[in-house]
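Right, one structure below, let's go through it.
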Amino acid sequence: MIVGVHPLAGFDKLLHYKVPEALRAGMQLGLLVRVPIGPRVTLGLVGQMGAPTDFPVEKLKPVTQIVYPFPALPADLLELARWMSRYYAAPLDGIIETMIPGAVRHGAALKQEKLLSLARRLAPDELAALEKRAPQQARLYQFLAQQFKAQPKSLVLSRLGQTAAVVNALMKRGVVQEEAQRVERIAYADGFAHGELVAAQPHALNAEQQAAAEAVAAALAEEKFSVTLLHGVTGSGKTEVYLRAIDAALKAGGGVVFLVPEVALTPQTVARLRSRLEAIAPGHQCVVWHSHLSEGERLDGWFALATGEARVVVGARSAIFAPVRDLRLIVVDEEHEPAYKQDETPRYHGRDVAVYRAKLNRAVGLLGSATPSLESFVNAQAGKYRLLRLTQRVDARKLPDIDIVDMRIEAMRQRTLPTLSRRLVDAMHRRFERKEQTILFINRRGYSSSMLCTDCGQVEECEHCSITMTYHRADEVLRCHLCGAERPAPLVCPKCRSPKIRWRGLGTQRVEESVRRVLPRARIERMDTDTMAKKNRFREVLMEFRAGKIDVLVGTQMIGKGLDFPNVTLVGLIDADISMHIPDFRANERTFQLLVQVAGRAGRGDRAGEVVVQTFTPQAEAIQFSRHADFEGFAESELKLRRDFRYPPFRHLIHHLFRGQNPEKLQFFAEQWAKRVEQVFGDRVELRGPSPSPIEKIKDHYRWQVWYFTASATKVVPELVKLRAEFAWPDDITQVLDVDPVNLS
DNA sequence: AGCACGCCGACT
DNA sequence: GTCGGCGTGCTC
């Protein structure tokens, strides 16, 4: 018997091994094994049964050991790993490593305890004989005979004051049996249990929720792969629909994965979910999965799922790899959240992996969001996903009014670069008179600032990477943080030649000063990392604010941490452009969510809250904000924009790194490669490169040249991998494909 | 990833 | 003459 093994040793190659007689019976796909590689022994995963085609069988070494008697990767996850390897162009061994928790991989010893129980009952005469000849054994027998279930060995022995010798004697006679069992560490000891005890009774569903829940239940009953996109406005009660679906899946005997963005995984949410799940499926453990678990907790949770003791896992991104058995339902809450993207190798998108895993298991995928990602929305429009809608808010609260203020007009009116617009100042005055509160929100992210033209709104971007360039004051240059390209900071706007260039990087301090000028009698507090350096200051300020001792709170993202302020009826976004043009395209989405969250609660009674957004690029912000108010309208215009402009909805950003010593040769091959890519993708491909300034460290050390491609097509990645395989590279040039899974469909 | 093999510069 | 630099290749 010969097996192919993926060694977890840092190189991505399938190696073959003989299976010794003793290990043959237990051998199967997905097992974690130890295998010799050269002088060492490493962990590996059995990925194939059968002999190699390109290696002499007689030179094969034997498998050293089977680490666990059951597959560390069940069949579906093994298949998923292979798909990911192809789809994300990532090495398979790395994917296997991310799928199996470290503690499991290292074959960590399980915390075990031995349980004692009776193997058979003794006849009365046998018992009498035993009492005479071996009184201690008889005591043990009597004790165990009174127990309803197996008891821990250590406990029994200490209670009876006996030693293991007594147990051994009885075992030899076949009267007592010993079994090993794992000690549950997860039970409910992860701190999540103490969050908040919430009444567990199910809420009554409104008609829309009811219809949605029934539709999902029907999909589950079909027992085939399907994906449902649940588009429900903020506060429409999506969670109740998830819970009904989970209920249905559990009742059908299946397992469930419930993904939430990492930030949403707070003790309160988990406790709430858990109490509801308890009510739905009494006796079923719900495993919580996130990055802050200890090794032991992770191990226990993993085992509970792998053995079927637990059938539900709630967790962040990586919970999609939990070894849930008989998977019937995968829920992805807030499916548009960028937190689902892993941006280290292996790069993957949790939501997309979830959909594919559902497909492999013929399970149901349920994606929920108030603002679906464009790719999911397009999939729904194309009929690939079923679209369900929840249009009514359960709590009947009004959405906030959003004003977008064009700061270019404001600048003309005030003849200076304003910090606060008239609109915002007026709104703040009204709040102050009514004794309501205001939050001014400013996104200053570190020292990064960008170049903005106050006449035309132009923001300088890197020509290779399409991200905003960052201004570095020390050497007066604009630099791209992705590829390292740099150019001198311009004196006039490169687009409209206007000299009115502004370097963005507005601080909370300046905003505070401005507010003092317009509202001299107001109590103002500033909240950012500088002023909050003192330990409990943060908490203090939040408490004062909540108690109404502060009228205006000026702060950075950290305000979002204490979100629930019932008396806040106005939120001002001082400088929307900073967040929208930050060199991390994910940041704008996050900031955005935060604002809408604050604003969504800003209503008072029947009066809606107000949000004032100050911006130099009103079109962009209008689109962003309409995304929440009118998602369909947003989606339509955004899709058009992306099609016409540079960011199609399914763009993959592909970094292609060429390595070699001869620049001319590199140039030649990059062009050749580009031609081949174009042949396959036609006009959907854009070649941008070479990068003028490859990342220094890499350049010095390996003399790499960095080239970037961007391509827009749903099939780009698999096709590129195919291309890579058939493209013949000369010996002195190597290339690496790195794919950022932006909006994979 | 590790580790060996191998081919060019400064040293017990 | 060797020791050791890291560039290259292999691991069943």
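Letters A, B, ... are given to chains in the order of the sequence lines, protein chains preceding strands, and every chain is numbered from 1.
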query: Is K59(A) near enough to dC12(C) that one of its side-chain N or O atoms lies under 4.0 angstrom from OP1 or OP2?
result: no

Whole angstrom value for the distance that separates C1' of dC12(C) from CG of L43(A): 17 Å

query: Rounded to the nearest 0.5 Å, what separation is found between the CG atom of L15(A) and the OG1 atom of T42(A)?
result: 8.5 Å

message: Distance check needed: dT11(C) C1' versus D93(A) CG, whole Å only.
response: 13 Å

- prompt: In whole Å, what is the span from the NE2 atom of H6(A) to the C1' atom of dC12(C)?
  reply: 13 Å

- prompt: Hey, are S373(A) and R351(A) close enough side-chain-wise for a donor-acceptor pair under 3.5 Å?
  reply: yes

- prompt: What nucleic acid atoms does P36(A) come within less than 4.0 Å of, heavy atoms only: base, sugar-phosphate, or nothing?
  reply: sugar-phosphate

- prompt: How many Å lie between CG on D54(A) and P on dC12(C), as a whole number?
  reply: 13 Å

- request: Over 60° means perpendicular and under 30° means parallel, so classify the ring planes of W83(A) and Y356(A), tilted if in between.
  value: parallel

task: Specify the separation, in whole Å, of atom CD1 of I37(A) and atom P of dA4(B).
output: 15 Å

- prompt: So which of residues 12-28 of chain A are in contact with DNA chain C, with a heavy-atom cut-off of under 4.0 Å?
  reply: K13(A), L15(A), H16(A), Y17(A)

- line: Looking only at heavy atoms, the pair that brings E337(A) and P261(A) closest together is CG-CG, 3.4 Å

Under 3.5 Å donor-acceptor pairs involving side-chain atoms of residues 19-26 of chain A, not counting sequence neighbours:
residue, atom, partner, partner atom, Å
R24(A), NE, V19(A), O, 3.0
R24(A), NH2, V19(A), O, 3.0

query: Between dT11(C) atom C1' and R40(A) atom CZ, what is the distance in whole Å?
result: 8 Å

- prompt: Of all heavy-atom pairs between I100(A) and A72(A), which one has the smallest distance, and what is that distance?
  reply: CD1-CB, 4.0 Å

